[in-house]
K.L.:
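Before I ask anything, here is the structure I am working with.
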Amino acid sequence: MINNDIEIAVQKVPEDQLKTKPDQNNLGFGNFFTDHMFSMHWNRQQGWHEAKIHPFQQLQLDPAAMVLHYGQAIFEGLKAYRTKDNRILLFRPQDNFARMNKSAIRMCMPRFPAERVLQALRALIYLDKEWVPHAKGATLYIRPTMIATEPMLGLRAAEEYQFFIINCPVGAYYSEGFNPTKIYIEDEYIRAVPGGVGDAKTAGNYAASLKAQIGAQKKGYTQVLWLDAKQRKYIEEVGTSNIFFVIDNVLITPPLKGSILPGITRDSVLQLAEDWGMQVEERRISIDEIVKACEDGSLQESFGTGTAAVIAPVGEFCYREKEFTINGGNTGPVAQKLYNELQAIQFGEQEDNHGWVVPVS
Ligand code: COI
């Protein structure tokens, strides 16, 4: 039973101790944090309790906390957008919280009261509203996280957890901005196996991706594109995003079969493309099909989709030391149109026909 009536206390930072805000035109990604955060705790006796919005502070964690040993850690990423008329909007927050509760189930962690946490998030952002950037393209990135805090070294699901939300004003995720990225197709390491945790947003998936990402970056690539674990044949996803291709005017992305993250931007892109009447396919795509489509010119575009990355056009792939340029290394019209339309909805400049946008106040 999840208690949606949990009480939320508020403890504010005194006015004269508020942080100095960073230059909104040089935010980068993930470097600065707002004045306040939300947190709550769970144990078997009390369920979720001690929910509060309070000054941003370090966690108190026992060195035996189970998250540090057995990795029960899940998180989400969503954003708040400032509109031209100074409203603040969230994009599909209920979907992030629903996905987080699915990740919780997969990682044997307690589900949390999503409706109540959304209320807490709105209150938190309202309190720190001056942190939601005014600068063009900049947003407030929101990071809900849950970790196992019980101090215990036996291997089992922990019986104590902390949930928290921290917020961070951000610019573009990639240094390329919206310019095309270069992607290395990884055929040695893999990200996720069928039956594993690839479709849960759990910290270990990201730790497991680092070795390949470092290798790709050393070779001059922005990110890794993962292939399936069994045959190293089918396209899965990029390190930070889902992946799309436009082949012969059809928009194609790998299906959600348990080993890739069910992206909320991915779902929004599929929906927008369908609204335009574009043919859309969620199906297995082999790397051979992509190589062939590059060679015969039928691959018109490719781009990644994610909350942090938004729409990230791909200008070049490298597979087995061979380089393939896509659309002359330029952003294609589908990626551009999706980016424009998605951002217009998120920033409240275009009508939201899908009920995706949630105002903060
Ligand atoms: C997001 O897009 O929100 C993510 O969690 C990806 C992360 C690597 C920044």
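Scope of the values below: all heavy atoms of this structure, side chains included, with no hydrogens, waters or symmetry mates. Just follow the structure's listing: the first ligand is 1, and inside any ligand the first atom is 1.
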K.L.:
Taking atom types as modelled, find out whether N249 and Q279 have a side-chain donor-acceptor pair closer than 3.5 angstrom.
P.N.:
no

K.L.:
List ligand 1 atoms under 4.0 Å from Y173, heavy atoms only on the residue side.
P.N.:
8 (C), 9 (C)

K.L.:
So if I apply the side-chain contact (heavy atoms from CB on, under 4.5 Å) rule between R92 and each of V357, V358, D267, T307, which one comes out positive?
P.N.:
D267

K.L.:
Run the numbers for me: atoms of ligand 1, each under 4.0 Å from some heavy atom of A308, listed by number.
P.N.:
1 (C), 2 (O), 3 (O), 9 (C)

K.L.:
Given the rule that I, L, V, M, F, W and Y join up when any side-chain heavy atoms are under 4.5 Å apart, are V314 and Y173 in one cluster?
P.N.:
no

K.L.:
Does a side chain donor of either W276 or E341 reach within less than 3.5 Å of an acceptor in the other side chain?
P.N.:
yes

K.L.:
Any donor-acceptor pair under 3.5 Å linking the side chain of N31 with the backbone of L27?
P.N.:
yes

K.L.:
Tell me which one of L270, V310, T305 satisfies side-chain contact (heavy atoms from CB on, under 4.5 Å) with T265.
P.N.:
T305

K.L.:
Enumerate the atoms of ligand 1 whose separation from the nearest heavy atom of F75 is less than 4.0 angstrom.
P.N.:
5 (O)

K.L.:
Closer than 4.0 Å to some heavy atom of T307 - which atoms of ligand 1 meet that?
P.N.:
2 (O), 3 (O)

K.L.:
Checking contacts here: is it the side chain or the backbone of Q223 that comes within 4.0 Å of ligand 1, counting heavy atoms only? Could be both or neither.
P.N.:
neither

K.L.:
What do you reckon, does E76 put a non-hydrogen atom under 4.0 Å from ligand 1?
P.N.:
no

K.L.:
For atom 8 (C) of ligand 1, what's the nearest protein heavy atom and its distance?
P.N.:
T240 CG2, 3.7 Å

K.L.:
Going by the atom numbers of ligand 1, which of them fall below 4.0 Å from some non-hydrogen atom of Y141?
P.N.:
1 (C), 3 (O), 4 (C), 5 (O)

K.L.:
Considering the heavy atoms of R143, write down every atom of ligand 1 situated less than 4.0 Å from one of them.
P.N.:
5 (O)

K.L.:
Could you check whether Q46 and N43, counting side-chain N and O atoms only, form a donor-acceptor pair closer than 3.5 Å?
P.N.:
yes

K.L.:
Could you check atom 5 (O) of ligand 1 against the protein and tell me its nearest heavy-atom contact, residue, atom and distance included?
P.N.:
K201 NZ, 2.7 Å

